[in-house]
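Below is one structure, written out as structure tokens; the observations come after it.
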Amino acid sequence: MRKLLVDWFSGAARDLPWRRVPSPYRVWVSEIMCQQTQIATVLPYFERFLARYPDATALAKADENELMRMWEGLGYYRRARSMHAAAKQIVADHDGEFPLNYDHAIKLPGIGRYTVGAILSISANQPVPILEGNTLRVFSRLIGLRAAVDEKPSQDVLWKFAEGLLPRKSVPDRTRGPAAINQAAMELGALICTPREPKCLICPLAKCCVAHARGWQAEIPAKTNKIAYEPRSEFAALVSDPSGRWLVRQIPAGSRFAGMWDFPKAGPPEAHTLDEFAQWLATQAGGRWTIGEQMTSMKHAVTRYRITLHVHHATRRGSRPPAPWSFHSADELKHLPMSTTGRRLLDRLTKQNLITPSN
DNA sequence: AAAACGGGGAC
DNA sequence: GTCCCAGTTTT
């Protein structure tokens, strides 16, 4: 199976930037960016990130705002904050070099069992197993695992399989060793053993695959918990000062979108209705508020929530709003990290102002 | 064990 | 719409 995999991989591997130069730092960055994110989405971010932060030392010194701005749009922003903290730890404890030691690496924030295996195997050819979306699908189909893959016994079986797939004796040739085997298994999941309509006809492992033999491809991997999507409404207020700057705040640490800048915005449990939103605004930013007409609405998704954001013009009377609230021009906000909806909103406002100059 | 965490691509 | 994506951390 190992030979079939690496032979197929040598001809089918996609040309990815972190494969050209698989240094520990570059593989680390790629692995974090790729978590729950498709490769195509990551590519432009990766190049830009590496140019700005070429090594752990540079990343450790990064400015928070700039770092979040580099990550803006990738989502799961804790990944960026964890990387920043890990980079500082690497400078402090490991002389600025990513530790190629399992026990040290897995202690770094944001690095779990999958990521440590990926980094050590891909960058250093160490025999450490991996299990993620692709290999989970490949392995569960190969062995015909019909139990739900997210249950503990299934996870144990799959991790064991991942471990058994790696050679017992060291294979220094990284085109045939753990580096190639782990990447080949993932690549097979991404290109051949796809969630829907897997390409079994051209799969190098078809002859060893239980799911293929019994026609179980559509049932495996089996999942227990279906995602229960939940619709919800959120509200945003657009308030400008006499010089056309917008009322915004930097979201405090610990909450969703921590560190990102945004317009006044709230949803459940703080605000279920426009009236509750107005009350929330008064308690948060002070002053006397009047909610005006709706400017637009935007639909977007945050994890299992399907959100409709109602955007209203608003006026606020009173003294200067307390921290963290402040007025910033669109120009200033251009360089600050914002959520994707915040950025989209700002873009629309900027374009509108080009046509009809601000009040 | 389940929920939270973002956003986009594919169908 | 629904599912999925080179998962980790918190509850």
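Per chain, numbering begins at 1; letters A, B, ... match sequence-line order. The basis for the numbers below is simple: all heavy atoms, side chains too, and nothing from hydrogens, waters or symmetry mates.
To the nearest angstrom, P of B:dG7 lies 13 Å from CG of A:L345. Rounded to an integer number of Å, the gap from A:R14 CZ to C:dA6 C1' is 9 Å. Across the protein-nucleic acid pair, A:R137 atom CZ and C:dG7 atom P stand 10 Å apart, rounded to whole Å. Atom CD of A:Q35 is separated from atom P of C:dG7 by 7 Å (rounded to the nearest Å). Protein atom CG of A:L309 is 16 Å distant from nucleotide atom P of B:dG6, rounded to whole Å. The distance from atom CD of A:E230 to atom P of C:dT2 is 14 Å, rounded to the nearest whole Å. Between the CZ atom of A:R306 and the P atom of B:dC5 there is a distance of 14 Å, given to the nearest Å. In this entry the distance linking CG of A:L158 with C1' of C:dG7 reads 15 Å, nearest Å.
Dashed line: the shortest gap from a side-chain N or O of A:T340 to OP1 or OP2 of B:dG7 is under 4.0 Å. Remark: A:Q36 is in phosphate contact with C:dG7, judged by side-chain N or O atoms under 4.0 Å from OP1 or OP2.
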Using distance only, find each side-chain donor-acceptor pair of residues 192-210 of chain A under 3.5 Å and give its atom names and separation, not counting sequence neighbours.
from, atom 1, to, atom 2, distance (Å)
A:T194, OG1, A:R196, O, 3.0
A:T194, OG1, A:E197, O, 3.4

Just distance, no hydrogens or angles: give the donor-acceptor pairs under 3.5 Å from side chains in residues 263-272 of chain A, sequence neighbours left out.
from, atom 1, to, atom 2, distance (Å)
A:K265, NZ, A:D262, OD2, 2.9
A:K265, NZ, A:T341, OG1, 3.3
A:H272, ND1, A:E276, OE1, 2.9

Please tabulate, one pair per line, all N/O donor-acceptor pairs under 3.5 Å involving side-chain atoms of residues 291-300 of chain A, not counting sequence neighbours.
from, atom 1, to, atom 2, distance (Å)
A:Q294, OE1, A:H312, NE2, 3.3
A:T296, OG1, A:R348, NH1, 2.7
A:K299, NZ, A:T308, OG1, 3.2

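Distance noted for atom C1' between B:dA3 and C:dA6: 22 Å (whole Å). Taking atom P on both nucleotides, C:dT8 is separated from B:dG8 by 23 Å, rounded to a whole Å. A gap of 22 Å separates the C1' atoms of C:dC5 and B:dA1, to the nearest Å.
Side-chain proximity of A:H300 to the nucleotides B:dG7, C:dA6, B:dC5 is greatest for B:dG7. Among the nucleotides B:dC5, C:dC4, B:dA4, the one closest to any side-chain atom of A:P195 is C:dC4. The side chain of A:R19 lies closest to C:dA6 when the candidates are C:dC5, C:dA6, B:dA4.
Within the 4.0 angstrom heavy-atom criterion, base atoms lie near A:W18. Contacts of A:I39 with the nucleic acid, taken as non-hydrogen atoms under 4.0 Å apart, include base atoms. Backbone-only contact: A:F257 has heavy atoms under 4.0 Å from sugar-phosphate atoms and none from a base. Nucleic acid contact for A:L16: base, since at least one base atom lies under 4.0 Å from a heavy atom of the residue.
In the interface, the side chain of A:T37 is not paired with the base of B:dG7 through any donor and acceptor atom under 3.5 Å apart.
Remark on DNA chain B: of its neighbouring residues A:S339 and A:Y305, the 5'-side contact belongs to A:Y305, judged by nearest-heavy-atom nucleotide.
Cation-pi contact between A:R316 and A:W325: absent, since separation from the ring centre below 6.0 Å together with deviation from the ring axis within 45° is not met.
The salt bridge (Lys or Arg N to Asp or Glu O under 4.0 Å) check on A:E163 picks up A:K160, with sequence neighbours excluded. A:E47 meets the side-chain contact (heavy atoms from CB on, under 4.5 Å) test with A:P17; sequence neighbours excluded. Partners of A:R344 by side-chain hydrogen bond (donor to acceptor under 3.5 Å, both in side chains), not counting sequence neighbours: none found. A:T340 meets the side-chain hydrogen bond (donor to acceptor under 3.5 Å, both in side chains) test with no other residue; sequence neighbours excluded.
Applying a 4.0 Å cut-off to non-hydrogen atoms, the residues of residues 49-83 of chain A that approach DNA chain C are A:Y76, A:R78, listed by residue number. Near-neighbour residues of DNA chain C inside residues 103-118 of chain A, defined by a heavy atom below 4.0 Å, number-ordered: A:P109, A:G110, A:I111, A:G112, A:R113, A:Y114, A:T115.
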Which protein N or O atoms sit under 3.5 Å from an N or O of nucleotides 9-11 of chain B?
from, atom 1, to, atom 2, distance (Å)
B:dG9, O4', A:Q38, NE2, 3.3

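Classified by interplanar angle (parallel below 30°, tilted 30° to 60°, perpendicular above 60°), the ring pair A:Y77/A:F257 is tilted. Ring pair A:W18/A:F46 is perpendicular by interplanar angle, where above 60° counts as perpendicular and below 30° as parallel.
In this structure a side-chain-to-backbone donor-acceptor pair under 3.5 Å is present from A:Q126 to A:L100.
A salt bridge (charged side-chain N to carboxylate O under 4.0 Å, His left out) check over residues 15-41 of chain A, counting only residues at least two apart or in different chains, returns the pairs A:D15-A:R20, A:R19-A:E187. Among pairs with a residue in residues 237-260 of chain A, those fulfilling salt bridge (charged side-chain N to carboxylate O under 4.0 Å, His left out) read A:E234-A:R256, A:D241-A:R245, at least two apart in sequence or across chains.
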